[in-house]
Every structure is written in structure tokens, then in C-alpha cells.
Number of protein chains: 2
Amino acid sequence: MRVDILTKSENREVQKQIISKLRDLINYKNLEPGDKLPSERMLSEKFGVSRSNVREVIQKLEFFGILKSRPQSGTFIADIGQIAISGMMADILRLEDPDFKSLVETRILLELKTVRLAALRRTDEDLAKMREALDAYKKKVLNGQDAVQEDLLFHLAIAQASKNSTMNTFMLIITPGIITNFEKYHVCDANLSFQGIQEHEDIYEAIKEQDPKKAKEKMKTHFKILYQYCYNV
Amino acid sequence: MRVDILTKSENREVQKQIISKLRDLINYKNLEPGDKLPSERMLSEKFGVSRSNVREVIQKLEFFGILKSRPQSGTFIADIGQIAISGMMADILRLEDPDFKSLVETRILLELKTVRLAALRRTDEDLAKMREALDAYKKKVLNGQDAVQEDLLFHLAIAQASKNSTMNTFMLIITPGIITNFEKYHVCDANLSFQGIQEHEDIYEAIKEQDPKKAKEKMKTHFKILYQYCYNV
DNA sequence: TAAACCAATCTGGTTAACCAATTTATTAAT
DNA sequence: ATTAATAAATTGGTTAACCAGATTGGTTTA
């Protein structure tokens, strides 16, 4: 059906075009929330793209909670109202790839909260996992090895202990980008990691003592250098 | 190949099983970051699942930044280290669906930050969009209509003005869940919406004046009822 | 008239064959 | 022996046919 050859980046464009056309369709046909979308076959023909492309986009919009696919039945518009659907799709089209600064900014925000919640809600099991991650980190650092991964896994253990699945998910989403950029820009060099051990221990201790205020304070200290890095570069 | 019949929820289980097996494979075969995964065909046969299932999982893990697929070449493990890969995959397996409380908690956290950043970074264009969203909200409320959607679109406009694409994305992800639950539990009844107009106007004004402190304060006021609701139910 | 049944149709999901770009292995030339 | 050229195999992506469950419309039955 399609004639042109597409590279990977162009495929992203195709997805955006489909989202755009889908939004127009919903607006034009005045489809209400809960209504059924035309079938995947219909859409692929109407938009002049492959059914796989349509399915990819549907899956993506399903992740954003805009669509809901039901086997052998159809794809339905989420019950959040037409205006919200249209507005959100416009926003999704406008989304940019996150830059490092954006990631760090978000990470600091999230972690100053998860560490508080972890101090309030942690179980003994959570504590054991954090201990394990912290020991792995210490071992690497004391061996003079790079320990960015172990560092982040400790922080992910805190996110888990916060018992907030949304923040936990978000932490997971930003982690790879953080690691990559840290290694790229050598944010954590050896002596910084060494200092990090005590800071991590302090955080762990505060969570163990179930002291949210202290936990947040220790995390703030831990992020001090990161703050500077984020707002200077 | 498969004999059993799968419902939608069981399909989720299959995806988890694939992720689990994939993690074991990476650990067992000692695959390093940057290494190539076995081909999709190979994996589907090895795991006893369809190639589509494998592709779905790869796409999901690609979203989390763990894998990277290159056409006509292969699927590669992200360059974030073996320990991080293994740890993250374990975390992803453990992820639960977000509950309402988790969503609200995260929303409040995000918005108290985006509103500050919006006050600092907003352009005139951002301001115009917020004004537009706010007017749509006011019109609905003054007509006595439900305006949950318009409410959220105003808040999404703030997220956009914050110029932090990660937080913007996260706000989009939680929005449908927020709307659904708001409508379900009637969080915003008529007189509450009426009061919301002034609160929204205050927030808008603070962002217009580029006063981050005031903006955050006004947002906090706006969330006051929400706070109570979140921590009581 | 309305409820119950049934077959034709439509649906998202799955499968397998196919495509073109890429990688690897083989051959040829220097 | 080394490099260049080339052919074979491998890859993710695409396509089209197929599957089983859901839906729909018409028909029959009480």
C-alpha cells in the first residue's frame, strides 16, 4: 500500500500522523467517550498505513489511558470526555524527548517525596532489600569500581518502599536515562561515590528509624551536588 | 503452538512470564550491555510464545529504556549495565496497577512543582493557552455543567508551560485515571467547581506575574480539599 | 408482541510467509 | 596473507490470511 521507504525516525512521524488523524476522526465524527472506534482494518485503509502501525498507536494511546482495546469486540474511547481526549492527544503530539535537565529535575522532585513515604511506610522486607542494595553499592565503591547502577538500584528500592506504585513506575522510567547521562558526563567520579556511601547510610538509617523529616533532609544533602550540576550545565 | 486459551488478564501474565524468562536469559547467558539479544523468532520458540508476544514485550521494555530495537539488525540491551538491567526488570515484574491514592499523591507532588516552573519559564504563548483553557472551564461551570475535563486541561497547560517534558509526560499519564476517579467519586461537585474558578484565576495570575512562590501557594490552596480527600478515603 | 434462537458478520489477536536492510561467510584478487 | 568483492544467511518490520470469541440482524417460537 505504502510506497515510500521509512527509516526509524520517520516511523515516529507516521505514528504522530496516525494520532493526528485519529484525533480529527474523533472530532469530526463526533465520537463520544465509550464509543467504538472503527476497526483496525478500516483505520489502516482510511489512513493509508499498515494495520501494524495502527495497532502500535492504539497500544501507545492505551498506555496513556485514552483508548481501551477489547478482544473480538473493538477499540473503545476511554470514558473521560471528548474534550479531554482531544486535548490530551494534542498534548501527546507535542511531547518532546526528555532532556537530561528535565530528568534530573524530575528525579529530585520524586525522590524527596519517595524517601519521606518510605520512612513512613517501609516494611522490614523493604528495609532488607535496601540494605542489600546498599551493601552491593559499598562493595563496588570500596573496590574502586564504578557504581552508578548500584546507586540507582538503592534509590529504586526506596521508591518501592514508598508504596506508591505511580512514583515507583516513574522512577523506573527515568532511571536508564539518568544512568546513561551520569556515565556519559562522569557525574559520579570515585571520590564522590566514596562520599556517597555515608550519605546513603544516613538515608537508610533515617528510613529505618521511620523518621520522614530526617530522611528527606539526608536525601537533600545527597542531592546537593546533583542540584548544582543540574542547574549549571 | 500454544494450546490454552487466554483472556486479556492472562495475556498480562504471559508478558510477565516473558520478561521473567528474558531476565533469566540475560543473567544465565551473561549478556553484557550493548550485546545483542537472540532474534525474535528464536525467543518466541525458546519461550513457547508467539512472536507478537515477544515483540509486545520488547516494545514495552524499549519504553522503559532497557532494550533498543534496530531494524534488520537486532534487539540490543541498553548500555546501562547488567546489574541495572536485572534489577529494573525485577522491579517491572513487581509493578502494580496504580490506585487512586497513589495517583492523587503523585499529582499533587508534580503540580506543586510544575506550577513553580511555569511561573518561571512561561512564554506569552503558554499564557494564552492557559487563558483559553481557563475560559473553557469557567464557561462550563457558570452553565452549571460538569467541568472535570476542562479543569484537568488547564492543569495540563501549566505542565506544558513548565518546559519540563518529563513532568509533562507524567502528568499526561496520570490524567485519565484522575478524571475517571473524580467523576466516579464525584470529587468535584457544583459548588466546589464554582469555588475552583477563583482558585484557577489566582494560579493563572501568579504565573502571569511570574511569581513562583505565589503560584505554588495558590496551587496548594487549590489542592486543599483534594489533600483531605486523598488522605481520608 | 416479545423473547429466544441461530447463523452470518465483524472484531482484536495470532500466525506464517515475505521484504529489504544488514551482517556474516565465502570467494577472488592483489 | 590480506584485502576487496560478493553471495548467503539473519534480522526487525510488514503484510495478508486465519482464528475464535463477540456482535448483530433476522427468523422462529411462545
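Here is how names work: the chains are called A, B, and so on, in the same order as the sequence lines, proteins then strands, and each is numbered from 1. Just so it is clear, the values below take in all heavy atoms, side chains as well, and ignore hydrogens, waters and symmetry mates.
No more than 12 heavy atoms of other residues, nucleotides or ligands lie within 6.0 Å of CD in A:Glu96, so this atom counts as exposed by the packing criterion. Counted within 6.0 Å of CD on A:Glu132, heavy atoms from surrounding residues, nucleotides or ligands total 12 or fewer; the atom is thus considered open.
You won't find any donor-acceptor pair under 3.5 Å spanning the side chain of A:Arg70 and the base of D:dG21, going by distance alone. Contact annotation: side chain of A:Arg55 to base of D:dG13, donor-acceptor pair absent below 3.5 Å. Checked by distance alone, A:Arg51 brings no side-chain donor or acceptor within 3.5 Å of a matching partner on the base of D:dG13.
Residue contacts shown for B:Ser39 are limited to sugar-phosphate atoms, with no base heavy atom under 4.0 Å away.
Phosphate contact (OP1/OP2 of C:dG13, side-chain N/O of B:Ser52, threshold under 4.0 Å): absent. Taking only side-chain nitrogens and oxygens, A:Ser73 comes nearer than 4.0 Å to OP1 or OP2 of D:dT23.
Put simply, CD on A:Glu40 is 17 Å from P on D:dA22, counting in whole angstrom units. Between the P atom of C:dT14 and the CD atom of B:Gln15 lies a distance of 9 Å, rounded to the nearest Å. Atom NZ in A:Lys68 sits about 10 Å away from atom P in C:dG13, given to the nearest Å. The nearest whole Å value for the distance from the CG atom in A:Leu37 to the P atom in C:dG12 is 9 Å. Between the P atom of C:dG13 and the CZ atom of B:Arg12 lies a distance of 15 Å, rounded to the nearest Å. Atom CG in A:Asn53 sits roughly 13 Å away from atom P in D:dA16 (whole-Å rounding). Counting to the nearest Å, the C1' atom of C:dA16 and the CE atom of B:Met42 are 18 Å from each other.
Residues A:Thr123 and A:Asp126 bring a donor and an acceptor atom of their side chains to less than 3.5 Å of each other.
The aromatic rings of A:His200 and A:Tyr137 lie tilted to each other, with the angle between the two planes from 30° to 60°.
The side chain of A:Gln72 lies closest to C:dG13, out of C:dG13, D:dT15, D:dG13. Comparing C:dT22, D:dG12, D:dT15 against the side chain of B:Thr75 picks out D:dG12 as the nearest.
Distance alone, capped at 3.5 Å, is enough to place a donor-acceptor pair between the A:Glu62 side chain and the A:Ser69 backbone.
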